> 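Here it is, the structure, as structure tokens.
What you see is a predicted model, and the numbers here were worked out from it, not measured in a lab.
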Amino acid sequence: GRSLIHQLIVKRPVAIYGAKKYRGLREDFPKSLIGQPIIFPTFDSKLRYDLEHWCQTRKIVFDVIGESQDIGLKKLMAVDGMALIPAAAHTVNRQVLSGDLVEIGKIEGVSEELFLVAASRKMPNSLASKLMQTFRV
């Protein structure tokens with residue numbers, strides 16, 4: 001099999017976001033999160049395992065009302081006040097600026113990572129090589 005070449009291109013901190021009605025959870029964060037409804041990432045996401053580890057080390061038990069990888073769906077449910085969501089700031093920027101979502105608190109040590117992945121080749125692809133060397137967000 002071919003080996004894969006991967007390169008981390010962006011790493012963004014993750015925070016908990018929710019509708020305005022959850023603003024009070026900023027007090028006594030993260031303990032204030034205990035028992036709160038949340039939509040977790042699915043098990044095929046590294047973020048899911050990082051969040052579970054964060055919760056276990058802080059003894060935070062959420063009411064997980066759903067699991068989704070679809071950020072659009074998670075944002076709609078959060079704006080509607082149904083649940084909190086973990087997200088990187090850039091994915092909810094518009095909703096935060098409009099006041100539909102507020103940041104409750106940062107999840108220390110948890111980040112969302114984006115990688116550029118390519119297969120190594122016997123015959124190099126000049127475009128792929130250039131991208132791997134220069135791509136930035």
Side-chain angles (χ1 to χ4, degrees):
R2 280 192 199 164
S3 61
L4 294 178
I5 303 163
H6 64 279
Q7 179 177 332
L8 177 65
I9 56 170
V10 68
K11 185 174 183 173
R12 296 283 198 289
V14 172
I16 299 291
Y17 293 88
K20 286 180 204 164
K21 73 178 189 176
Y22 292 107
R23 189 178 294 147
L25 297 177
R26 290 174 174 170
E27 301 292 320
D28 202 27
F29 180 87
K31 287 185 187 142
S32 61
L33 300 174
I34 295 172
Q36 295 298 324
I38 194 166
I39 302 164
F40 255 38
T42 54
F43 283 103
D44 57 353
S45 164
K46 179 182 179 299
L47 181 56
R48 170 63 176 254
Y49 296 96
D50 292 346
L51 282 168
E52 286 185 343
H53 176 74
W54 183 85
C55 289
Q56 286 171 353
T57 59
R58 286 156 184 82
K59 298 182 175 31
I60 307 294
V61 178
F62 283 102
D63 175 14
V64 180
I65 66 161
E67 298 174 3
S68 177
Q69 281 300 103
D70 184 340
I71 188 63
L73 175 64
K74 290 189 279 192
K75 288 192 288 191
L76 283 173
M77 293 176 77
V79 166
D80 204 39
M82 296 173 66
L84 301 170
I85 59 169
H90 70 279
T91 63
V92 293
N93 192 39
R94 197 173 89 233
Q95 290 74 20
V96 170
L97 288 174
S98 69
D100 290 333
L101 291 179
V102 294
E103 182 182 304
I104 308 302
K106 293 200 184 334
I107 304 175
E108 192 179 311
V110 175
S111 57
E112 189 174 78
E113 299 171 338
L114 183 60
F115 288 88
L116 195 60
V117 180
S120 62
R121 301 169 176 262
K122 286 182 182 173
M123 296 294 295
N125 177 314
S126 61
L127 179 58
S129 297
K130 186 83 170 157
L131 272 173
M132 288 300 285
Q133 293 166 16
T134 62
F135 189 87
R136 299 289 175 266
V137 174

> For Gln36 and Ser32, work out which heavy atoms get closest and say how close.
CG-O, 3.6 Å
> Which heavy atom in Phe29 sits nearest to a heavy atom in Lys106, and how many Å separate them?
CE2-O, 3.3 Å
> Heavy atoms only: give me the nearest Leu47-Ser111 pair and the separation to one decimal.
CD1-O, 4.4 Å
> Report, as yes or no, whether the 6.0 Å neighbourhood of atom CD on Glu108 holds more than 12 heavy atoms from other residues, nucleotides or ligands.
no
> Is there a path of hydrophobic side-chain contacts, each under 4.5 Å between heavy atoms of I, L, V, M, F, W or Y residues, that connects Ile107 with Tyr22?
yes
> Using the side chain to side chain contact (heavy atoms under 4.5 Å, CB included) rule, pick out the option among Ile85, Asp63, Val64, Ile60 that qualifies with Ile38.
Val64
> Assigning hydrophobic clusters by single linkage (Ile, Leu, Val, Met, Phe, Trp, Tyr; side-chain heavy-atom cutoff under 4.5 Å), is Ile34 placed with Leu25?
yes
> As an exercise, state the distance from CG of Leu84 to OH of Tyr17, rounded to the nearest 0.5 Å.
12.5 Å
> Measure from the side-chain N and O atoms of Lys75 to the backbone N and O of Gln95, and report whether any donor-acceptor pair falls under 3.5 Å.
no
> Examine distances only and state if a side-chain atom of Arg23 and a backbone atom of Gly18 form a donor-acceptor pair shorter than 3.5 Å.
no
> Specify the closest pair of heavy atoms between Glu112 and Val14, including all atoms of both residues, with the distance to one decimal.
N-CG2, 3.6 Å
> Check the pair Leu76, Asp80 against side chain to side chain contact (heavy atoms under 4.5 Å, CB included), reporting the backbone distance first and the verdict last.
CA-CA 6 Å; Leu76 283 173; Asp80 204 39; over 6 Å; no
> Would you name the heavy atoms of Leu8 and Val10 that are closest together and state the gap between them?
CD1-O, 3.4 Å
> Given Thr42 and Asp44, is the side-chain hydrogen bond (donor to acceptor under 3.5 Å, both in side chains) satisfied, shown in steps?
CA-CA 6 Å; Thr42 54; Asp44 57 353; 2.4 Å; yes
> How long is the gap from OG1 on Thr91 to CD1 on Ile71, to the nearest 0.5 Å?
4.0 Å
> Could you grab the distance from atom NZ of Lys59 to atom NZ of Lys31, nearest 0.5 Å is fine?
11.0 Å
> Does Met77 share a hydrophobic cluster with Val92, counting links as ILVMFWY side-chain heavy atoms below 4.5 Å and allowing steps through other members?
yes
> In the single-linkage hydrophobic clustering (I, L, V, M, F, W, Y; side-chain heavy atoms under 4.5 Å), do Val79 and Val102 co-cluster?
no
> Identify which one of Leu73, Ile65, Asp70 satisfies the side chain to side chain contact (heavy atoms under 4.5 Å, CB included) criterion when paired with Ile39.
Ile65
> Rounded to the nearest 0.5 Å, what's the gap from NZ on Lys74 to CZ on Phe40? Could you check?
10.5 Å
> Stepwise, does the side chain to side chain contact (heavy atoms under 4.5 Å, CB included) test hold for Phe62 with Leu33?
CA-CA 7 Å; Phe62 283 102; Leu33 300 174; 3.7 Å; yes
> Show the nearest heavy-atom pair for residues Pro30 and Trp54, with the distance to one decimal.
CB-CH2, 3.5 Å
> Measure the spacing between CD of Glu113 and NZ of Lys46 and express it to the nearest 0.5 Å.
4.5 Å
> Are more than 12 heavy atoms, taken from residues, nucleotides or ligands other than Arg94, located less than 6.0 Å from that residue's CZ atom?
no
> What is the distance from atom CG of Asp100 to atom NZ of Lys20, rounded to the nearest 0.5 Å?
7.0 Å
> So does His53 have more than 12 non-hydrogen atoms from other groups sitting under 6.0 Å from NE2?
no
